[in-house]
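Scroll down for the structure; my scribbles are underneath it.
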Amino acid sequence: MRTAISAVSDKLVSLLAPRAMAADAAVTTGHEMRHHCPPRPDDVSDPRSFVDRMRALKAWSGLTYREIAARAHQNGDTLPPSTLATVLGRATLPREDVVRALVRVCGGKDETDAWLRARSGIARAACTPAGPGGAPVSAPNDGEGVDGRHQMADAAVAAVFAAGCLTSWWCGKRLGRRAARRRHGQSPPAS
């Protein structure tokens, strides 16, 4: 009985071993082996591929969201599991502090500078799109971005505030007239 079980076991190992070895040797960034080196952001140029590489780093580490959050806390960083799940589920460039915390936990402190340089390069490229001939041009100010951040929101708040002040002044003026007429015994005009 023992030999039959070991024979079946050996057969399964021989069938599954090539698949397991191929999975371990899966290339994550084009040249690094999964079990040797963490994924790096060296060749990424847009937010979507940057986040994809961050997902690969998390997968490479083998840690869960909660384990990453706990280790980030030990490092003095704040990285709740829900924030990490949200960041890795989007295709937008994550905040610098999130990148720093994730890389410190999953890729090591030595890798942090490379990730932050790649992130800032992508952020700069997003702010200055290439014009004709590949020359960078200044991005239009659409109310968001580095130069015009929150200008549209500030303008909307100012407009609402001005409308409120005008309405308050007008209502106060009308009510003030009515009160003055009542004091002097005059009836308010029909409106």
Side-chain angles (χ1 to χ4, degrees), residues 13 16-130 134 136-158:
V13 167
L16 296 177
R19 288 184 187 168
M21 287 171 41
D24 283 343
V27 176
T28 58
T29 63
H31 63 277
E32 298 165 338
M33 302 304 273
R34 177 181 176 150
H35 62 281
H36 293 295
C37 301
R40 292 183 49 92
D42 298 333
D43 58 345
V44 298
S45 59
D46 63 291
R48 181 178 301 275
S49 57
F50 187 82
V51 173
D52 288 344
R53 198 59 56 86
M54 287 180 65
R55 270 190 230 108
L57 179 64
K58 183 213 173 277
W60 178 85
S61 74
L63 299 172
T64 66
Y65 291 122
R66 289 184 185 200
E67 290 170 333
I68 292 171
R71 290 186 184 186
H73 182 72
Q74 291 172 351
N75 289 340
D77 296 318
T78 302
L79 187 59
S82 59
T83 300
L84 182 57
T86 301
V87 164
L88 295 180
R90 292 184 179 166
T92 56
L93 197 60
R95 293 187 328 256
E96 190 174 299
D97 61 324
V98 173
V99 174
R100 181 181 298 111
L102 178 69
V103 173
R104 285 178 64 183
V105 169
C106 296
K109 294 179 182 178
D110 298 339
E111 301 291 325
T112 305
D113 289 338
W115 282 86
L116 294 177
R117 274 193 309 274
R119 186 207 170 277
S120 64
I122 293 168
R124 273 194 310 275
C127 290
T128 56
V137 296
S138 61
N141 188 351
D142 61 356
E144 291 294 328
V146 176
D147 295 330
R149 177 160 279 161
H150 307 296
Q151 284 183 354
M152 289 178 72
D154 291 345
V157 168

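The analysis underlying the following values was restricted to heavy atoms, covering all of them including side chains, and did not include hydrogens, waters or symmetry mates.
Remark: the backbone N or O of Val44 is not paired with any side-chain donor or acceptor of Arg53 at under 3.5 angstrom. For Thr83 (side chain) and Leu79 (main-chain N/O), no donor-acceptor pair under 3.5 Å exists by modelled atom type. Of the possible polar contacts, one joining the Arg55 side chain to the Leu88 backbone as a donor-acceptor pair under 3.5 Å is found. Looking at Lys58, its side chain never comes within 3.5 Å of a backbone N or O of Cys106 through a donor-acceptor pair. Side-chain atoms of Arg119 come within 3.5 Å of backbone N or O of Pro94 as a donor-acceptor pair.
Here CD1 of Ile68 is found 11.5 Å from CG of Asn75. Values are rounded to the nearest 0.5 Å. Summarising the geometry, atom CE belonging to Met54 is positioned 9.0 Å from atom CG belonging to Leu93; distances are rounded to the nearest 0.5 Å. Between Leu57 atom CG and Trp115 atom CH2 the span is 5.0 Å, to the nearest 0.5 Å. Atom-to-atom distance recorded for Phe50:CZ and Thr92:OG1 is 11.5 Å, nearest 0.5 angstrom. Atom CG of Leu63 is separated from atom CZ of Arg71 by 4.5 Å, given to the nearest 0.5 angstrom.
Side chains of Arg117 and Asp113 form a contact here, defined as non-hydrogen atoms less than 4.5 Å apart. Under the 4.5 Å side-chain criterion, counting only non-hydrogen atoms from C-beta, Cys37 is not in contact with Trp60. Taking the side chain as every heavy atom from C-beta outward, Thr78 and His73 never approach each other to under 4.5 Å.
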Take Asp52 and Ser49 through the test side-chain hydrogen bond (donor to acceptor under 3.5 Å, both in side chains) and record every step on the way to the result.
-> CA-CA 5 Å; Asp52 288 344; Ser49 57; over 6 Å; no
Please assess Val99 against Leu116 for the test side-chain contact (heavy atoms from CB on, under 4.5 Å), listing each intermediate value before the final yes or no.
-> CA-CA 7 Å; Val99 174; Leu116 294 177; 4.1 Å; yes
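Classification of Arg100 and Asp77 as a salt-bridged pair fails, no side-chain N sitting under 4.0 Å from a carboxylate O. A salt bridge links Asp42 with Arg40: the closest approach of a Lys/Arg side-chain nitrogen to an acidic carboxylate oxygen falls below 4.0 angstrom.
Scanning all heavy atoms of the two residues, the minimum distance from Gly107 to Pro38 falls at O-CG, 4.3 Å. Between Gly62 and Glu67 the shortest heavy-atom distance is O-OE1, 4.2 Å.
Within a 6.0 Å sphere centred on CZ of Arg90, heavy atoms belonging to other residues, nucleotides or ligands number 12 at most.
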